[in-house]
Asker: 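Okay, here's the structure, questions in a sec.
A note on names: the letters A, B, ... follow the listed sequences, proteins ahead of strands, and every chain is numbered from 1. This is a predicted model, so every value here is computed, not measured.
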Protein chains: 4
Amino acid sequence: MTEHSLTTQTASTTRDQLVDAAERVLRAKGLARATTKEIAREAGYAEGTLYLHFADKLDLVRAVHERLLPEFIEMVSHLPGRAGTGTVEGNLTDLARSALGLYRDMLPLGSSLFADPELLERFRVMLAERRGGPQRAWEPVIAYLRAEQALGRVDPDADPAAAALLLLGACQQLVFVELMTGPGTLPFRDRPDPAPALVATLLAGLAPTQPSDPSPTEPCA
Amino acid sequence: MTEHSLTTQTASTTRDQLVDAAERVLRAKGLARATTKEIAREAGYAEGTLYLHFADKLDLVRAVHERLLPEFIEMVSHLPGRAGTGTVEGNLTDLARSALGLYRDMLPLGSSLFADPELLERFRVMLAERRGGPQRAWEPVIAYLRAEQALGRVDPDADPAAAALLLLGACQQLVFVELMTGPGTLPFRDRPDPAPALVATLLAGLAPTQPSDPSPTEPCA
Amino acid sequence: MTEHSLTTQTASTTRDQLVDAAERVLRAKGLARATTKEIAREAGYAEGTLYLHFADKLDLVRAVHERLLPEFIEMVSHLPGRAGTGTVEGNLTDLARSALGLYRDMLPLGSSLFADPELLERFRVMLAERRGGPQRAWEPVIAYLRAEQALGRVDPDADPAAAALLLLGACQQLVFVELMTGPGTLPFRDRPDPAPALVATLLAGLAPTQPSDPSPTEPCA
Amino acid sequence: MTEHSLTTQTASTTRDQLVDAAERVLRAKGLARATTKEIAREAGYAEGTLYLHFADKLDLVRAVHERLLPEFIEMVSHLPGRAGTGTVEGNLTDLARSALGLYRDMLPLGSSLFADPELLERFRVMLAERRGGPQRAWEPVIAYLRAEQALGRVDPDADPAAAALLLLGACQQLVFVELMTGPGTLPFRDRPDPAPALVATLLAGLAPTQPSDPSPTEPCA
DNA sequence: GATGAATGAGACTTCATTCAT
DNA sequence: GATGAATGAAGTCTCATTCAT
């Protein structure tokens, strides 16, 4: 109320403050334990105020996830798209590291949606309107790989979509396991930075380099 | 805990029936909307009976997830470990298809844990006792790849752990996107079976095949 | 209260518009579901405006009922007072039909008062100031019957007040039953217009006509 | 709980106690101010218990009205049906006095239904199942009058249904006005017992006994 | 061991009312 | 006079949990 400019750049409407507060509470307490009372208190408003701006609690939670979308997409777009600069390996390693951070930030909130089918359904409806969703992460990676293919730094026969899914999927799964097994565990063995190994493996492939074995593993027909 | 033969008979103890019912209700309604009343009704017992066998509701939910672990691990172990038989590509494709089914079955339940930090913490404690968790899925894949390396059908320099994470992570992420965006969408483009593309890409790698330089990692910059 | 010309102009003051809107909402939603928000919206004003013109919500509701009084009395006064014209039976039948319409219009709103003792009490206080209330309906009927008695068309020994109560009470009860049992029912048997039977019965009386008395009340059986 | 037989004849189930309490609170506070909290307290149960026995608050209120029906009908049936005994005038006067008591007891509760269209609708549905409603009061009166017609003590051409409606309607309207204008007023003039005048008027009719006037009141065309 | 009526804390939500603009 | 965002008390209803039977 009496704050003049807590953040110089944000309009900080009541609605935004409520969404901010809801996101903080959701991150801290989880969907199951986030109450309207606490969200309102966190935002500095009365509980009833919440219902001036949102139809119900799920509508507010959905708004949190809705606002996450552009955030997510922007982060994704910042995934290095620097085709032709540096090395492919370096770029993809940066990308993987960014993705790990992205998923560490987004996965707990996103996964919570599965706890409530009605919330998930509302989220789907919103995704259908806004074109968005987690699959958006693939796009800049695919675009980058295509650009590198054009530059000859990536195999022209490679499948960029599959490669994007392999790399980002690995990052997401790694974070998933991290979060599941707790902060004290070393999920991916003893490697503090798993990105290089993932990128190296993706670049080199598994197929043996010597065609001494006439196995049908070699697909480039 | 002190039970010696969980599965030697089709037992169907009251406790098991309650866990069964809880799993069904959790799958149908989601963690947020699963009530003890409905679980008890589904099991055919009175609500109070639940508290003869479990400390509280979270204990029952945790038991559902606990019982999922051997199920999960068993499914994972059935992932083809047939090193040397068929082709590597075929085996990994079968594996990817199995993994897709595995995640479709497990991901909604597993992701729900993120909605309740207290439940997640109890789950972590249980994981610390039982050696388990989603990372167990990597093991048979790694073992398989090592065996194929020994047979020369997989590059001896490849990193089996990274490869397992790439392949299984891609499967998990694909299912995650499927579940998020709803049954009506085509998550991975227009391919009904994404497994072959993933496996082909993983086998071939992204690096351009330069006949001059045998190191595929750093190409034509 | 201090307004001198309530109806000299089509005034449509803010206050009147609010009362209008309140009456519409009360008729549509009922006292229990009429909210200040909806009344204000219906009137085209902000919710706060309501409190510039009324002490509280009950004050507004009371104002609706207050304004209903002159309306009611005027309708009642239009009940045919045409002593000496037409026939007594015809005049009373017209009167009964008017009364049925009157109660259909007023009863739902009036009966709602019983749902809230505080509102009812305020209404009573107002009635004590304004001389009004549902009993006003008896007056023109009594006056009419007295005039007909003077003309010899109604038994000079008859009790006009009792007769008015019998006839109007019958109309009110009929509407009460109609409203209670719903629009789909036939409340008073199979007669679409119950007025003639009521009037005939009231005129003739129930006492058997002894042939010794040549009263015209008992005709051509 | 520990009461063994507070009332020797009543089962006094929890449900009944709740309905009892609800009726008491509804009579005391009115529909608009009756809260589930107070009803539960009045019944001596926790608020949640209410929802073990009723779908919601309206369901409980409806149950109150449902239980009023047999009460109402029984009271109505006790309206003197003593055809052939005493005098017609005496019997109808007793009847009118009973009806006044009946309506004094029932009208406030019954009228409250108009405050909430949803409640009224539920009540109508219930009436459609149970055959009941305020029109049931007419039946014993009609039956009585028919019996007296057979005995020759009531004009065989009289319309029993119309007569019942006239008499009971007058009683209901009188009570309605009493309740509206408050306990301190004398609603029907200065007569403490209005029953005799109503009955006398109904029996004698309004038509003049001497056909000295060739007025068109004479209907047998 | 099983029951299920009862509990009661607390969730979500509504809505009459206020007040700074 | 008008506004309408904000209030917060109070309402209805849910549901994990208990306990006498």
Asker: Quick check: on DNA chain E, is the nucleotide nearest D:T14 upstream (toward 5') of the one nearest B:Y45, or the reverse? Name the residue that is more 5'.
Answerer: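 Here B:Y45 is the residue nearer the 5' end.
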Asker: Check this for me: does any side-chain nitrogen of one of A:R122 and A:D56 sit under 4.0 Å from a carboxylate oxygen of the other?
Answerer: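 The answer is yes: the pair qualifies as a salt bridge.
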Asker: Are the side chain of A:K57 and the backbone N or O of A:A34 linked by a donor-acceptor pair below 3.5 Å?
Answerer: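 Yes, A:K57 side chain to A:A34 backbone: donor-acceptor pair under 3.5 Å.
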Asker: If you take any heavy atom closer than 4.0 Å to DNA chain E, which residues from residues 49-58 of chain A end up in contact?
Answerer: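 Contacts with DNA chain E under 4.0 Å: A:Y51, A:D56, A:K57.
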Asker: Check whether C:S111 reaches the backbone of C:L107 with its side chain - one donor and one acceptor, N or O, closer than 3.5 Å.
Answerer: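 Flag set: sc C:S111 to bb C:L107 pair under 3.5 Å.
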Asker: To the nearest angstrom, how far is B:Q17 atom CD from E:dG1 atom P?
Answerer: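 In whole Å, E:dG1 P lies 14 Å from B:Q17 CD.
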Asker: Considering non-hydrogen atoms only, spot the tightest contact between C:L69 and C:G133 and give its length.
Answerer: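 So the two residues come closest at CD2-N, 3.5 Å.
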Asker: Show me the dot-bracket string of DNA chain E, counting Watson-Crick or G-U pairs under 3.5 Å, with | for pairs to another strand and [ ] for crossing ones.
Answerer: .||||||||||||||||||||
Asker: Expressed as a whole number of angstroms, how long is the span from C:E47:CD to F:dA6:P?
Answerer: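 To the nearest whole Å, that distance equals 14 Å.
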Asker: Going from NZ on B:K29 to CD1 on B:I39, what distance comes out if it is rounded to the nearest 0.5 angstrom?
Answerer: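 Rounded to the nearest 0.5 Å, the NZ-CD1 separation comes to 10.5 Å.
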Asker: What distance separates D:T14 OG1 from D:L50 CG, expressed to the nearest 0.5 Å?
Answerer: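 Spacing of OG1 (D:T14) from CG (D:L50) equals 11.0 Å.
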Asker: What are the two closest non-hydrogen atoms of B:L113 and B:L120, and how far apart are they?
Answerer: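 In this case the closest contact between B:L113 and B:L120 is O-CB, 3.7 Å.
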Asker: Nearest whole Å is fine: how far is F:dA5 C1' from C:R41 CZ?
Answerer: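 Answer to the nearest Å: 16 Å.
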Asker: How close or far is atom C1' of F:dT17 from atom CG of B:D59, stated in whole angstroms?
Answerer: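 From B:D59 CG to F:dT17 C1': 14 Å.
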Asker: Quick check on DNA chain F: between A:G44 and C:G44, whose nearest nucleotide comes earlier from the 5' end?
Answerer: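 By nearest-heavy-atom nucleotide position, the 5'-most residue is C:G44.
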Asker: Tell me whether B:R124 contacts the main-chain N or O of A:L179 through its side chain, where contact means a donor paired with an acceptor under 3.5 Å.
Answerer: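 The answer is yes, because a donor-acceptor pair under 3.5 Å joins these two groups.
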Asker: Going by number, which of residues 27-38 of chain A have a non-hydrogen atom under 4.0 Å from DNA chain F?
Answerer: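 Residues of residues 27-38 of chain A that come under 4.0 Å of DNA chain F do not exist, since none gets that close.
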Asker: For the pair C:R33 and D:E118, find out whether any cationic side-chain nitrogen is under 4.0 Å from an anionic carboxylate oxygen.
Answerer: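 D:E118 and C:R33: salt-bridged.
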Asker: Before you tell me yes or no, could you show the steps for D:R41 and D:E47 under side-chain contact (heavy atoms from CB on, under 4.5 Å), namely the whole-Å CA-CA distance, both residues' side-chain angles and the distance that decides it to 0.1 Å?
Answerer: CA-CA 7 Å; D:R41 178 168 13 98; D:E47 210 173 346; over 6 Å; no
Asker: Using whole Å, what does the distance between atom P of nucleotide E:dA11 and atom CG of A:L60 come to?
Answerer: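 The distance from CG of A:L60 to P of E:dA11 comes to 15 Å, rounded to the nearest Å.
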Asker: Any salt bridge between B:D20 and B:R67, counting N to O under 4.0 Å?
Answerer: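 Yes.
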